[in-house]
Amino acid sequence: VRCAFKVIVTSLNKQLEPYGYLEFGLQVPSSFVSNHIHYSQGKIPFLLFYFKCVDVIFYLQAQDMPAPPSLSQGLEEIWFPSRQSDSSSVGQLKRMKRDWVIPPINVPENSRGEFPQELVRIRSDHDKNRSLRYSVTGPGADQPPTGIFIIHPISGELSVMKPLDREDISNFHLRAHAVDLNGNQVESPIDIVINVIDMNDNRPEFIHQIWNGSVAEGSKPGTFVMTVTSVDKDDPKTANGMLRYKILSQNPESPTSNMFTINNKTGGIITVAAGLDREKVPQYTLIIQATDMEGNPMYGLSNTATAVIKVTDINDNPPEFTAETFFGEVPENRVNVIVANLTVTDKDQPNTPAWNAVYKITGGDPTGRFSVPTDPTTNEGLVTVVKPIDYEISRTYVLTVVAVNDVSLARGIHSPRQSTATVSIRVIDVNESPYFDPNPKLIKLEEGMLAESSLTTFTAQDPDRFMQQSIRYTRLSDPANWLRIDPNTGRITTIAVLDRESPYVKDNMYSATFLATDNGIPPASGTGTLQIILLDINDNAPHVSPQEAEMCEKPEPNGINITALDGDLNPNAGPFAFELANRPPEVRRNWTITRLSGDYAQVSLKIGFLESGIYEIPIIITDSGNLPMSNTSYLRVKVCQCDHNGDCTDQQHIIAPGLGTGAIIAILLCIIILLILVLMFVVWMKRRDKERQAKQLLIDPEDDVRDNILKYDEEGGGEEDQDYDLSQLQQPDTIEPDTIKPVGIRRMDERPLHPEPQYPIRSAAPHPGDIGDFINEGLKAADNDPTAPPYDSLLVFDYEGSGSTAGSLSSLNSSSSGGDQDYDYLNDWGPRFRKLADMYGGSDD
């Protein structure tokens with residue numbers, strides 16, 4: 001349990017004067033640990049403390065502290081708690097340290113006053129008898145942001161140096177210190193809180209400059225639309241930050257200028273009038289204003305934003321057909337054909353469920369031969385045939401079609417008469433295919449029916465009752481080639497014996513297909529299938545199975561089990577009768593047959609030993625048909641030596657008949673042909689090599705051209721021999737006599753001036769075969785020429801003599817005029833000039 005009491009001491013001096021503030025002193029027993037002094041600026045100071053609820057005596061002293069005459073008289077002072085003790089008091093009374101709660105100092109932001117501006121004076125009661133120095137620490141003083149607050153070290157005046165911004169820092173927490181000249185702390189630091197008082201220096205700011213909202217058309221008044229929000233950096237607890245909203249304008253002002261209202265405190269926009277119609281006004285634009293100072297137009301700051309409200313569509317407009325009746329036509333028997341396009345208009349927003357049309361046939365189509373899907377792009381109804389239509393049954397159809405939307409109409413809206421239309425469809429008659437009835441046609445016959453036997457009449461019907469047409473019949477499919485049909489009457493007869501055991505008969509049934517074609521324009525045809533069930537007769541004799549078996553030389557308790565195979569069915573098959581043939585006589589002497597059942601029998605040795613070998617045993621088998629059929633089958637038995645397990649020990653097996661003579665001849669012919677081909681290939685390769693060697697120097701007559709380029713495999717001299725005297729290529733008559741050099745100083749590669757050697761003269765049109773001889777003769781002449789230059793110098797292969805019309809080679813240059821020449825004639829000089837033709841005669845590509 002804690003108790004408390006409050007002591008108020010009043011000073012006779014003015015409270016706001018420095019000497020009007022009181023100081024309290026209290027001495028309590030050591031068991032009381034807490035006393036709290038609450039100080040409030042502008043109010044009478046008081047002492048409030050808590051203690052345990054027991055009997056105790058407190059001693060309290062109060063005194064005022066007059067200010068020194070040298071300090072400013074109008075500045076508020078804050079005193080450090082005193083550490084001084086009073087010796088005149090009772091021995092138990094001793095002044096102790098007290099914790100003061102200093103009220104905050106309020107400083108308005110954005111002050112324009114002179115700076116520094118004094119705020120408060122810090123004082124200590126120890127400055128009466130010695131000099132003290134005051135200082136403050138904390139953010140705004142010696143911590144960032146520094147330089148905002150300073151204190152006079154001697155007078156203790158705390159001042160602000162610049163305007164404050166509450167939106168930047170709303171309060172500062174400083175700590176005041178008092179020390180002597182030696183730096184010794186004489187007072188405990190006290191906390192000073194400086195609050196920055198808010199001023200209305202910030203306009204409201206909307207979070208978005210453009211707000212987007214929507215409301216359904218036809219909404220009732222009071223329907224919520226959207227909420228706009230604005231913020232103000234000023235203190236929201238003061239009027240500077242309290243905002244109010246209002247609508248400045250509405251565009252368009254239809255049907256009224258006040259279709260919406262806004263909650264001035266929350267910014268919520270709602271409808272206040274009826275008549276929203278998207279088809280008339282699809283969108284509204286509102287100018288919203290936010291004002292602080294609780295909306296005071298004189299002192300508050302304002303800002304605006306735009307609210308765009310879209311009126312969303314509802315299905316308040318049903319689809320309406322553009323015409324009362326639509327027309328179309330379709331050929332009979334056609335499906336998936338669009339007959340008519342139904343067009344509608346809908347004032348609702350396109351490509352929405354309220355605009356998309358759905359078409360339903362409500363009358364005129366009891367058999368469901370039509371459907372009306374919707375074109376997703378044009379919203380048209382496509383009247384489509386989904387089942388074949390027969391002109392002979394109905395020539396016209398009149399449909400009743402209703403158009404609705406994907407979603408139901410809004411409450412209170414009803415479909416008008418224009419939402420229903422009539423579709424008139426005319427059926428066009430076409431030449432239809434004849435049809436067989438029944439199809440397939442099934443008949444039953446006994447097999448073995450002879451050729452030219454009449455089976456049945458298989459005719460087709462022409463569905464075109466209003467056309468006078470004839471039908472002709474042909475055979476389309478007859479796998480066994482057994483049947484024939486009359487082209488006019490459809491009468492079917494046989495041209496071969498019907499055999500139930502034929503591979504073309506499946507499950508006793510043979511199928512043939514026939515074609516019926518009319519004489520319409522264009523002709524039409526249809527097919528029909530005739531299925532013949534062939535009844536079995538006893539026309540197949542049985543034969544033994546298996547046809548081959550093995551047996552030991554010595555008789556064993558068990559023989560060879562055999563059965564009979566018969567192509568007929570019961571009762572023309574088993575049970576069978578088995579017996580050995582009478583001939584040859586050794587059959588019955590060596591073998592015996594025992595019937596095991598109606599379908600099985602056993603063949604075994606009758607004697608004690610039979611030599612190894614292959615034996616053919618004739619067995620007579622008779623079936624049980626009406627007029628039974630018998631057949632002698634041969635059982636091929638290999639008798640061999642057996643081991644103790646009863647298995648044959650020799651490696652011989654029953655060899656099936658070998659290849660026939662024709663097969664052997666065919667294999668030999670294939671081998672001979674292959675050898676001939678190989679020989680011809682070798683001869684051809686050898687001949688090709690000879691031709692290649694012969695063509696090394698010779699040119700085919702068809703490729704013969706003058707001045708062919710031949711490859712001599714000579715690269716010529718090195719770089720030091722490239723400095724030729726091209727003047728030697730000029731005509732001798734053009735050489736002046738004074739330019740002739742003495743023989744002693746003539747270069748080895750210059751042309752000599754003494755008589756020329758006799759080189760062979762090439763004929764005007766030599767045969768390509770003479771080129772080799774011409775080169776060899778020229779080579780011999782050059783070897784015997786004493787005036788011939790060195791091998792690696794400029795060689796003269798053919799001197800044209802005097803009077804040559806050839807100009808000097810110095811006239812040759814690489815001018816661009818050569819690009820205009822036509823080199824396509826090189827293609828006519830043969831394959832050896834094709835490379836030059838490609839290099840010079842090709843296009844720019």
Side-chain angles (χ1 to χ4, degrees), residues 431-463 469-520 522-545 547 563-576 599 621-633 660 662:
N431 186 22
E432 299 178 74
S433 301
Y435 64 93
F436 289 88
D437 187 25
N439 189 15
K441 184 175 183 179
L442 182 66
I443 61 176
K444 292 183 179 181
L445 300 172
E446 283 189 352
E447 65 172 331
M449 184 172 289
L450 300 178
E452 301 302 330
S453 299
S454 178
L455 299 184
T456 185
T457 300
F458 195 24
T459 58
Q461 306 295 327
D462 191 349
Q469 299 179 148
S470 61
I471 299 177
R472 293 185 63 83
Y473 303 95
T474 56
R475 185 180 61 177
L476 185 63
S477 174
D478 185 10
N481 197 22
W482 287 345
L483 306 177
R484 179 177 59 239
I485 187 170
D486 186 278
N488 297 318
T489 63
R491 187 71 179 175
I492 297 176
T493 57
T494 63
I495 57 178
V497 177
L498 305 184
D499 185 6
R500 190 196 65 82
E501 289 74 31
S502 170
Y504 299 105
V505 177
K506 306 297 181 182
D507 297 331
N508 303 326
M509 181 180 292
Y510 179 76
S511 298
T513 305
F514 298 93
L515 182 68
T517 306
D518 61 19
N519 60 348
S525 60
T527 60
T529 301
L530 177 64
Q531 295 178 340
I532 304 174
I533 296 180
L534 295 176
L535 303 178
D536 185 41
I537 63 175
N538 193 15
D539 58 346
N540 292 278
H543 59 274
V544 68
S545 177
Q547 296 180 356
T563 185
L565 297 180
D566 195 328
D568 296 323
L569 301 177
N570 291 328
N572 296 320
F576 301 98
D599 295 332
I621 306 176
T622 305
D623 60 22
S624 299
N626 188 10
L627 299 176
M629 295 189 69
S630 298
N631 181 35
T632 301
S633 298

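None of the values given here were measured: they were computed from a predicted structure.
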Begin with the C-alpha distance, continue with both residues' side-chain angles, and end with the deciding distance and a verdict on side-chain hydrogen bond (donor to acceptor under 3.5 Å, both in side chains) for D599 and T563. CA-CA 6 Å; D599 295 332; T563 185; 5.8 Å; no
From the options T456, T459, T529, select the one residue that forms a side chain to side chain donor-acceptor pair (under 3.5 Å) with K441. T456
Residue from D462, N519, D518 passing side chain to side chain donor-acceptor pair (under 3.5 Å) with S470: N519
Would you please test N508 and L534 for side chain to side chain contact (heavy atoms under 4.5 Å, CB included) and show each step? CA-CA 6 Å; N508 303 326; L534 295 176; 5.6 Å; no
Counting only heavy atoms from other residues, nucleotides and ligands, does the tally under 6.0 Å from CD of Q531 exceed 12?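 Count over threshold, so yes.
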From [X] atom [atom1] to [Y] atom [atom2], the distance as rounded to the nearest 0.5 Å:
| X | Y | atom1 | atom2 | answer |
| --- | --- | --- | --- | --- |
| L530 | S477 | CG | OG | 11.5 Å |
| L450 | T494 | CG | OG1 | 7.5 Å |
| R484 | T474 | CZ | OG1 | 14.5 Å |
| T527 | L476 | OG1 | CG | 7.0 Å |

What is the minimum heavy-atom distance between [X] and [Y], and which atoms define it?
| X | Y | value |
| --- | --- | --- |
| G526 | F436 | O-CE1, 3.6 Å |
| L483 | D478 | N-OD2, 2.8 Å |
| R500 | E447 | N-OE1, 2.6 Å |
| G528 | F458 | C-CE2, 3.6 Å |
| A496 | A451 | N-CB, 3.8 Å |
| P434 | A460 | CB-CB, 4.1 Å |

State which residue, out of D486, N488, L515, fulfils the side chain to side chain contact (heavy atoms under 4.5 Å, CB included) condition with R472. N488
Taking H543 as the fixed residue, which of N631, T632, I621 is the one that meets the side chain to side chain contact (heavy atoms under 4.5 Å, CB included) rule?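 When N631, T632, I621 are each tested with H543, the side chain to side chain contact (heavy atoms under 4.5 Å, CB included) holds only for N631.
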Who passes salt bridge (Lys or Arg N to Asp or Glu O under 4.0 Å) against D499, sequence neighbours left out?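 By the salt bridge (Lys or Arg N to Asp or Glu O under 4.0 Å) rule, D499 matches no residue at all.
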Considering only heavy atoms from C-beta outward, does the side chain of I533 approach that of L445 to under 4.5 Å?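 Result no, sub-4.5 Å side-chain heavy-atom pair not found.
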Side chains of Q461 and D437, donor plus acceptor under 3.5 Å: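 No donor-acceptor contact under 3.5 Å links the two side chains.
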Just to verify, what does S454 make a side-chain contact (heavy atoms from CB on, under 4.5 Å) with, not counting sequence neighbours? R491, T493
Going through the distances and angles, do L455 and M449 end up as a side chain to side chain contact (heavy atoms under 4.5 Å, CB included)? CA-CA 10 Å; L455 299 184; M449 184 172 289; 3.3 Å; yes
Determine, step by step, whether R475 and N481 satisfy the side chain to side chain contact (heavy atoms under 4.5 Å, CB included) criterion, reporting the C-alpha distance in whole Å, the side-chain angles of both residues, the deciding distance to 0.1 Å, and the verdict. CA-CA 10 Å; R475 185 180 61 177; N481 197 22; 2.8 Å; yes
side-chain hydrogen bond (donor to acceptor under 3.5 Å, both in side chains) between S525 and T517, intermediate numbers included: CA-CA 4 Å; S525 60; T517 306; 4.5 Å; no
Can you list every ring-ring contact (aromatic ring centres under 6.0 Å, His included) pair that touches residues 490-517, not counting sequence neighbours?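 Found W482-Y510.
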